[in-house]
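Position 1 is the first residue of the sequence; numbering continues from there.
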Amino acid sequence: MPVINTLNSAVLDCLPLLKLVLTTSAGVDHLNLAELRGHGIAIACAGNLFSEDVADMAVGLLIDVLRKVSERDQFVRQCLWPTKPNFPLGLKLSDKQVGIVGLGKIGSEVAKRLEGFGCRISYNSRTKKPLVPYSYYSNVHELAADCEVLIICCGLTKETHHMINREVMLALGRNGVIINIGRGPVIDEHEMIRCLVEGEIGGAGLDVFEIEPEVPRQLFTLDNVVLSPHAAVTTHESFVGMSKLVVENLEAFFSNKPSVSPYMG
Ligand SMILES: O=CC(=O)O
């Protein structure tokens, strides 16, 4: 798994006084956690600060793909409405069987929202959550086979890298939709593009990509794909919250108190 890890052991060896790494992201896949912990360095992150915004974005992308919002927008802007009134039909969101990959805070917020839309929810995660009412699948392939939509909410680790592979996408099927607001490399992007081009899956809403900010040009040509530049967290409110959280973490650190949002993974 390619990780741009600027805080490698050579750099950390030159920083013997470093005691805290404070990242403004919720994901920590850009950090070598074992290395930092080995050097006795604490890690603080955005914690759950962005979860609601990211969940909103997941639902927004899903509605966009199913109801062709961006595609219809282009249709109107390109003045095609008067000449071509029969725009292809969209798909209904209510009653969809939705599989959530990663039922942490973001996944749970997505589930909560989609329950409100009348969707049926199931999920895959490392372990079954004792208190949730949704069906649990220990195997993401089986989850995909039983769902019409897969929403990728998990973080990127060695275990989740390319977890959504060709077989999983084929199991999701020709009408299946993938939404990714987790991390690009959780999906085998090359295979996803092949599946989209060949009609082996129905569509995708993507906020994250394998090698950002490079987005494969083939995706630009596909009407059943909605693209966003890793922007799920970018609300005014989340940025104000993040500024506050950074200050709180620094104040805690310099007062010898525990981090306000320690990375617990
Ligand atoms: O992707 C955004 C984050 O991890 O905060």
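- Put simply, the side chain of Asn48 reaches to within 4.5 Å of the side chain of Ser51, judged on heavy atoms.
- Under a hydrophobic clustering in which Ile, Leu, Val, Met, Phe, Trp and Tyr are joined whenever their side-chain heavy atoms come within less than 4.5 Å, directly or via other members, Val240 and Leu245 fall into different clusters.
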Trace of the side chain to side chain contact (heavy atoms under 4.5 Å, CB included) decision for Met192 with Leu206: CA-CA 11 Å; Met192 177 184 67; Leu206 307 168; 3.5 Å; yes
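- For Ala145, the side chain to side chain contact (heavy atoms under 4.5 Å, CB included) test picks out Ala171, with sequence neighbours left out.
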Does Val59 form a side chain to side chain contact (heavy atoms under 4.5 Å, CB included) with Leu114? I'd like the steps, not just the answer. CA-CA 7 Å; Val59 174; Leu114 289 178; 4.0 Å; yes
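- Ion pairing between a basic and an acidic side chain is recognised when a charged N comes within 4.0 Å of a carboxylate O; Arg194 and Glu200 show no such pairing.
- Counting heavy atoms of neighbouring residues, nucleotides and ligands inside a 6.0 Å radius, atom CD1 of Ile211 does not exceed 12 of them.
- Nearest heavy atoms, Met169 versus Ile164: CE-O, 3.6 Å.
- Atoms SG and CD, on Cys119 and Gln97 in that order, are 9.0 Å from each other to the nearest 0.5 Å.
- Among all heavy-atom pairs drawn from Pro262 and Ser259, the shortest one is CD-O, 3.4 Å.
- When the side-chain hydrogen bond (donor to acceptor under 3.5 Å, both in side chains) test is applied to Asn256, no partner is found at least two apart in sequence or on another chain.
- Side-chain contact between Asn8 and Asn32 is absent, with no heavy-atom pair separated by less than 4.5 Å.
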Could you walk me through whether Val65 and Val149 pass side chain to side chain contact (heavy atoms under 4.5 Å, CB included), step by step? CA-CA 11 Å; Val65 175; Val149 174; over 6 Å; no
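- Applying the salt bridge (Lys or Arg N to Asp or Glu O under 4.0 Å) rule to pairs touching residues 79-98 yields Asp95-Arg120, sequence neighbours excluded.
- Applying the salt bridge (Lys or Arg N to Asp or Glu O under 4.0 Å) rule to pairs touching residues 225-244 yields Lys244-Glu248, sequence neighbours excluded.
- With values rounded to the nearest 0.5 angstrom, Asn165 atom CG is found 9.5 Å from Cys195 atom SG.
- Judged as a side chain to side chain contact (heavy atoms under 4.5 Å, CB included), and not counting sequence neighbours, the contacts of Ser25 are Thr23, His30.
- Annotation for Met57 and Ser228: closest pair CE-OG, 3.1 Å, computed over non-hydrogen atoms.
- Leu36 pairs in a side-chain contact (heavy atoms from CB on, under 4.5 Å) with only one of the listed residues (Leu12, Val28, Leu20), which is Leu12.
- For the residue pair Leu7 and Glu35, the shortest heavy atom distance occurs at O-CG, 4.4 Å.
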Please set out all donor-acceptor pairs under 3.5 angstrom arising from side-chain atoms of residues 100-109, sequence neighbours excluded.
residue : atom : partner : partner atom : Å
Lys105  : NZ   : Glu109  : OE2          : 2.7
Ser108  : OG   : Gly104  : O            : 2.7
Glu109  : OE1  : Lys112  : NZ           : 3.3
Glu109  : OE1  : Arg113  : NH1          : 2.7

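- Note on Val215 and Leu222: same hydrophobic cluster, where clusters join Ile, Leu, Val, Met, Phe, Trp and Tyr whose side-chain heavy atoms are under 4.5 Å apart, directly or indirectly.
- Two residues are said to be in side-chain contact when any heavy atoms from C-beta on lie closer than 4.5 Å; Ser122 and Val98 fail this criterion.
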Using side chain to side chain contact (heavy atoms under 4.5 Å, CB included), reason through Ile121 and Glu115 one step at a time and then give a plain yes or no. CA-CA 7 Å; Ile121 312 287; Glu115 269 194 291; 4.1 Å; yes
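- In this structure, CG on Asp223 lies 11.5 Å from CG on Leu196, to the nearest 0.5 angstrom.
- Of the candidates Asp207, Leu219, Leu61, Leu219 is the only one forming a side-chain contact (heavy atoms from CB on, under 4.5 Å) with Leu227.
- Screening residues 124-159 for ring pair (Phe, Tyr, Trp, His ring centres under 6.0 Å), with sequence neighbours left out, gives Tyr123-Tyr136.
- Note that CD1 of Ile201 is 6.5 Å distant from CG of Leu172, once rounded to the nearest 0.5 Å.
- Residues Phe50 and Ile152 do not share a hydrophobic cluster, defined by chaining ILVMFWY side chains whose heavy atoms lie under 4.5 Å apart.
- Scored by the side chain to side chain contact (heavy atoms under 4.5 Å, CB included) test, Glu212 finds Val208, Phe209, His230 as partners (sequence neighbours excluded).
- For the atom pair CZ (Arg126) and OG (Ser138), the distance works out to 14.0 Å, reported to the nearest 0.5 Å.
- Around the CZ atom of Arg67, the shell of radius 6.0 Å holds no more than 12 heavy atoms that belong to other residues, nucleotides or ligands.
- Val21 has its side chain within reach of Leu31: a pair of non-hydrogen atoms, C-beta onward, lies under 4.5 Å apart.
- Take Asp73 and apply the side chain to side chain contact (heavy atoms under 4.5 Å, CB included) test, not counting sequence neighbours, and it matches Arg77.
- Under the rule for a ring pair (Phe, Tyr, Trp, His ring centres under 6.0 Å), Phe117 has no partner lying at least two apart in sequence or in another chain.
- Between the side chain of Asp53 and the main chain of Thr235, no donor-acceptor pair closer than 3.5 Å is present.
- Contacts classified as salt bridge (Lys or Arg N to Asp or Glu O under 4.0 Å) and involving residues 254-265 (residues at least two apart or in different chains) are not found.
- Hydrophobic clustering (ILVMFWY, side-chain heavy atoms < 4.5 Å, transitive): Phe220 and Val225 are in one cluster.
- In this structure, CG on Asp13 lies 11.5 Å from CG on Leu18, to the nearest 0.5 angstrom.
- Scanning all heavy atoms of the two residues, the minimum distance from Ala26 to Gly47 falls at CB-O, 3.8 Å.
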Side-chain donor/acceptor pairs under 3.5 Å, residues 178-189, sequence neighbours excluded:
residue : atom : partner : partner atom : Å
Asn180  : OD1  : Gly182  : N            : 2.9
Asn180  : ND2  : Arg183  : O            : 3.2
Arg183  : NE   : Asp29   : OD1          : 2.8
Arg183  : NE   : Asp29   : OD2          : 3.4
Asp188  : OD1  : His190  : N            : 3.4
Asp188  : OD1  : Glu191  : N            : 3.3
Glu189  : OE2  : Glu210  : N            : 2.9

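- Placement of Leu250 and Tyr263 in two distinct hydrophobic clusters is found when ILVMFWY residues are connected by side-chain heavy-atom separations under 4.5 Å, directly or transitively.
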Stepwise side chain to side chain donor-acceptor pair (under 3.5 Å) test for Ser261 and Asn249: CA-CA 7 Å; Ser261 55; Asn249 269 308; 2.9 Å; yes
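- In this structure, Thr160 contributes its side chain and Met163 its backbone to no donor-acceptor pair below 3.5 Å.
- A distance-only check finds a donor-acceptor pair linking the side chain of Ser243 to the backbone of Phe239 [under 3.5 Å].
- Judged purely by atom type and a 3.5 angstrom limit, Asn224 uses its side chain to pair as donor or acceptor with the backbone of Gly202.
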